> 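Shown below is the structure under consideration.
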Number of protein chains: 2
Amino acid sequence: MSSANSLAVDDLGSAAQRDRRKRILDATIALASQGGFDAVQMRAVAEQADVALGTLYRYFPSKIHLLVSALQREFERTEVALRDKPVDGDTAADRVINALKRTTRGMQSDPQLTEALTRAFMFADASVAAEIHQVGMLLTAMVTRAMYPEGHEELTDEDVSIAQVIGDVWLSALVGWVTGRTSAAETGQRIEVAVRLVLRD
Amino acid sequence: MSSANSLAVDDLGSAAQRDRRKRILDATIALASQGGFDAVQMRAVAEQADVALGTLYRYFPSKIHLLVSALQREFERTEVALRDKPVDGDTAADRVINALKRTTRGMQSDPQLTEALTRAFMFADASVAAEIHQVGMLLTAMVTRAMYPEGHEELTDEDVSIAQVIGDVWLSALVGWVTGRTSAAETGQRIEVAVRLVLRD
DNA sequence: TCTAAAATAGGAACACGTTCCAGTTCACCG
DNA sequence: CGGTGAACTGGAACGTGTTCCTATTTTAGA
C-alpha cells in the first residue's frame with residue numbers, strides 16, 4: 001500500500017502506458033455515458049479498453065478510483081474551458097451563477113455519465129481521499145476564478161470559505177438531481193439562491 | 001415495483017412484523033457501529049436479527065434502503081432529543097451552530113456507524129428517493145427549529161432556503177469527515193463559517 | 001375449527017467487484 | 001545480441017449483494 005503505485009498520481013510512464021490509461025478512461029466514460037454507474041463494469045471496461053482485467057486494476061485499484069479519476073479528467077477539461085471562455089456578469093454572484101449554470105448544463109446533457117461520476121464521488125471512502133481532494137480543489141478554483149476573473153492577487157480566508165460553501169451546495173444539489181429528487185430547474189434555482197445568500201455584494 | 005410494498009412506508013403490519021422490523025434495524029445499527037458500511041452484510045444482518053435472508057429483503061429491498069431507513073430512525077431520535085432539550089443561544093446563528101454541533105458530536109462518537117449511514121445516504125439512487133427525502137425534511141426541520149425555537153407561525157421561502165443551504169454544507173462536511181479528508185475540528189469550523197455566512201442577524 | 005392466502009425459513013444460484021496465478025511479451029542493461 | 005525483471009494477458013476463483021424456489025408456519029376469514 002505504499003510502494004508499487006508507480007502510476008498512482010500522475011506518474012509519467014511510457015507513451016504506451018499513457019495511451020493505455022487514456023483508453024481505459026475513454027472506455028469508462030463511454031460506458032458510463034451509455035448506462036450510468038451500473039454499466040461501468042470492470043470486465044466491460046477492460047474489454048472495451050483492450051486491456052486485461054488485471055491490468056485495469058494495476059492502473060486503477062478499484063471501480064471508485066476509476067470513476068473518480070474519470071471525473072477528475074472531465075473536470076479539468078471543464079476548468080480549462082471556463083478559463084478560455086470566462087463567464088460574464090457584473091457582480092461576483094452573477095459570474096459564479098453563470099459559471100455553475102454552464103457547468104451544470106453540461107453535466108445535465110449527459111445524465112447517465114453525471115450519475116455515474118457523481119455517485120462514485122459521493123461513495124468514495126478514505127482510500128480515494130487524494131483524488132477527491134483534487135476534484136474539490138478544482139471546484140473551488142472554478143468558483144473563486146468566477147468571483148475574481150482578473151489575474152487576482154490574494155484570496156482571503158472568507159473568499160475560500162464562500163467558495164467552499166458554494167461548492168458544497170452545488171454537490172448536494174447535483175446529488176438531488178441525480179437521484180431524481182429535484183428537477184433541473186429546481187437544481188439551478190437552489191444554486192442561485194445559495195450563491196446570492198453568501199455573495200451579497 | 002408498485003404494489004407488493006405493504007411495508008414500504010410506515011405501513012403498520014402486525015406486532016410481530018413491527019418487532020421484526022425493529023430487530024432488523026437494531027442488528028443493522030449494531031453491525032454498522034462495530035465495522036462500518038462493509039460490516040453490514042445482508043446475511044449477517046439476517047442472522048443477527050434472527051430472520052431469513054428472503055425476509056430481510058421483503059422488509060428492505062436493498063442494503064441501501066436498509067441503511068437509509070436506519071439513518072432515518074436515528075435521525076428521528078435526534079430530532080426528538082433536540083425538541084426535548086432545545087439548544088440555547090442568543091441569535092439564530094448561535095442556536096443553529098449549537099444544534100448542529102451537538103448532533104455532529106453525537107455522530108462522531110460512533111465513527112463507524114456514521115460512516116455506514118452517511119455513505120449509504122450519499123450512494124442512494126432514485127429508488128431510495130422517498131426515504132432520502134424524509135431524511136432531508138428532518139434535517140431542515142431541525143435547522144429551522146433551531147432558527148425559531150418558539151412555536152413558530154410561518155417560515156418564509158428564504159428561511160427554508162437558508163436551512164437547505166446549511167443542511168447541504170453539513171452533509172458535505174460530514175462526508176469530508178467520514179472519508180478522512182477533514183478532522184472533527186475542521187468539520188465544526190466549516191459548518192460554523194457557513195452558518196454565519198447565511199445567517200447574519 | 002377448518003381452510004386458503006400470506007409470510008417466513010432455509011438455502012441454492014447468479015452477477016459483479018476483486019484477487020490471484022501461470023504463462024507470455026516487452027523494455028532496458030550488460 | 002542475450003538475459004532479466006517488470007508489465008501484460010487470459011482466466012479461474014472468491015466474497016457479498018441480490019434473486020429465486022420449495023417447504024413450512026402463521027394469519028385471517030368463513
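Lettering of chains follows the sequences in order, A, B, ..., and the numbering in each one begins at 1. The shown structure was predicted, so the numbers you read here are calculated from the model rather than taken from an experiment.
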> Suppose we screen for salt bridge (Lys or Arg N to Asp or Glu O under 4.0 Å). Which residues come up paired with B/Arg43, at least two apart in sequence or across chains?
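B/Arg43: no salt bridge (Lys or Arg N to Asp or Glu O under 4.0 Å) contacts found.
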
> Show, in sequence, the C-alpha distance, side-chain angles and deciding distance for B/Glu158 and A/Val193, and conclude whether the side-chain contact (heavy atoms from CB on, under 4.5 Å) test is met.
CA-CA 9 Å; B/Glu158 191 182 31; A/Val193 168; over 6 Å; no

> Starting at the 5' end of nucleotides 9-25 of chain C, put B wherever the base has a protein heavy atom under 4.0 Å, S where only the sugar-phosphate does, and a dash everywhere else.
BB--B--BBBB------

> Pair up each side-chain donor or acceptor in residues 29-37 of chain A with any protein partner under 3.5 Å, not counting sequence neighbours, and list the distances.
{"from": "A/Ser33", "atom 1": "OG", "to": "A/Asp110", "atom 2": "OD1", "distance (Å)": "3.2"}
{"from": "A/Ser33", "atom 1": "OG", "to": "A/Asp110", "atom 2": "OD2", "distance (Å)": "2.7"}

> Among residues 115-123 of chain B, which contact DNA chain C at a heavy-atom distance under 4.0 Å?
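Here the set is empty: none.
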
> How many angstroms lie between CG in A/Leu199 and CD1 in A/Ile97, if you round to the nearest 0.5 Å?
8.5 Å

> Please determine whether a side-chain nitrogen of the Lys or Arg among A/Arg21 and A/Asp26 lies less than 4.0 Å from a carboxylate oxygen of the Asp or Glu.
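Answer for the salt bridge query: no.
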
> Does any pair with a residue in residues 137-151 of chain B pass side-chain hydrogen bond (donor to acceptor under 3.5 Å, both in side chains), and if so which ones, sequence neighbours excluded?
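Sorted pair list: B/Tyr148-B/Asp159.
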
> Could you list all the side-chain hydrogen bond (donor to acceptor under 3.5 Å, both in side chains) pairs where at least one residue sits in residues 113-129 of chain A, not counting sequence neighbours?
A/Glu115-A/Arg119, A/Asp125-A/Ser127

> Between the opening five pairs and the closing five pairs of the helix from C/dT1-D/dA30 to C/dG30-D/dC1, how far apart are the helix axes, to 10°?
10°

> Atom pairs under 3.5 Å, N or O on each side, protein against nucleotides 2-5 of chain C: can you list them with distances?
none

> Please name the pair of heavy atoms, one in A/Lys101 and one in A/Gly188, separated by the smallest distance, quoted to 0.1 Å.
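Heavy atoms of A/Lys101 and A/Gly188 come nearest at CE-O, 4.2 Å.
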
> Would you please confirm or rule out a distance under 4.0 Å between OP1 or OP2 of C/dT8 and any side-chain N or O of B/Tyr59?
yes

> Could you state the interatomic distance from CD (B/Glu192) to CG (B/Asp94), rounded to the nearest 0.5 Å?
8.0 Å

> Are the charged groups of B/Arg73 and B/Glu76 less than 4.0 angstrom apart, N to O?
no

> Do any pairs count as a salt bridge (charged side-chain N to carboxylate O under 4.0 Å, His left out) and have a residue in residues 80-89 of chain B, sequence neighbours left out, and if so which ones?
B/Glu79-B/Arg83

> Check residues 167-181 of chain A and write down every donor-acceptor pair under 3.5 Å in which the side-chain atom is one partner and the other belongs to a residue at least two apart or another chain.
{"from": "A/Asp168", "atom 1": "OD1", "to": "B/Arg190", "atom 2": "NH2", "distance (Å)": "2.9"}
{"from": "A/Asp168", "atom 1": "OD2", "to": "B/Arg190", "atom 2": "NH2", "distance (Å)": "3.1"}
{"from": "A/Trp170", "atom 1": "NE1", "to": "A/Thr104", "atom 2": "OG1", "distance (Å)": "2.9"}
{"from": "A/Ser172", "atom 1": "OG", "to": "A/Asp168", "atom 2": "O", "distance (Å)": "3.3"}
{"from": "A/Thr179", "atom 1": "OG1", "to": "A/Val175", "atom 2": "O", "distance (Å)": "2.9"}
{"from": "A/Thr179", "atom 1": "OG1", "to": "A/Gly176", "atom 2": "O", "distance (Å)": "3.2"}
{"from": "A/Thr179", "atom 1": "OG1", "to": "A/Arg181", "atom 2": "NE", "distance (Å)": "2.9"}
{"from": "A/Thr179", "atom 1": "OG1", "to": "A/Arg181", "atom 2": "NH2", "distance (Å)": "3.3"}

> Quick one: list whatever passes side chain to side chain donor-acceptor pair (under 3.5 Å) with B/Asn98, sequence neighbours left out.
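Per chain and number, B/Asn98 pairs via side chain to side chain donor-acceptor pair (under 3.5 Å) with no residue.
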
> Heavy-atom count around A/Glu47 CD within 6.0 Å, excluding the residue itself: above 12?
no

> Between the protein and nucleotides 27-30 of chain C, which nitrogen or oxygen pairs come in under 3.5 angstrom?
none

> Are B/Leu155 and B/Met147 side-chain neighbours, meaning at least one heavy-atom pair lies under 4.5 Å?
no

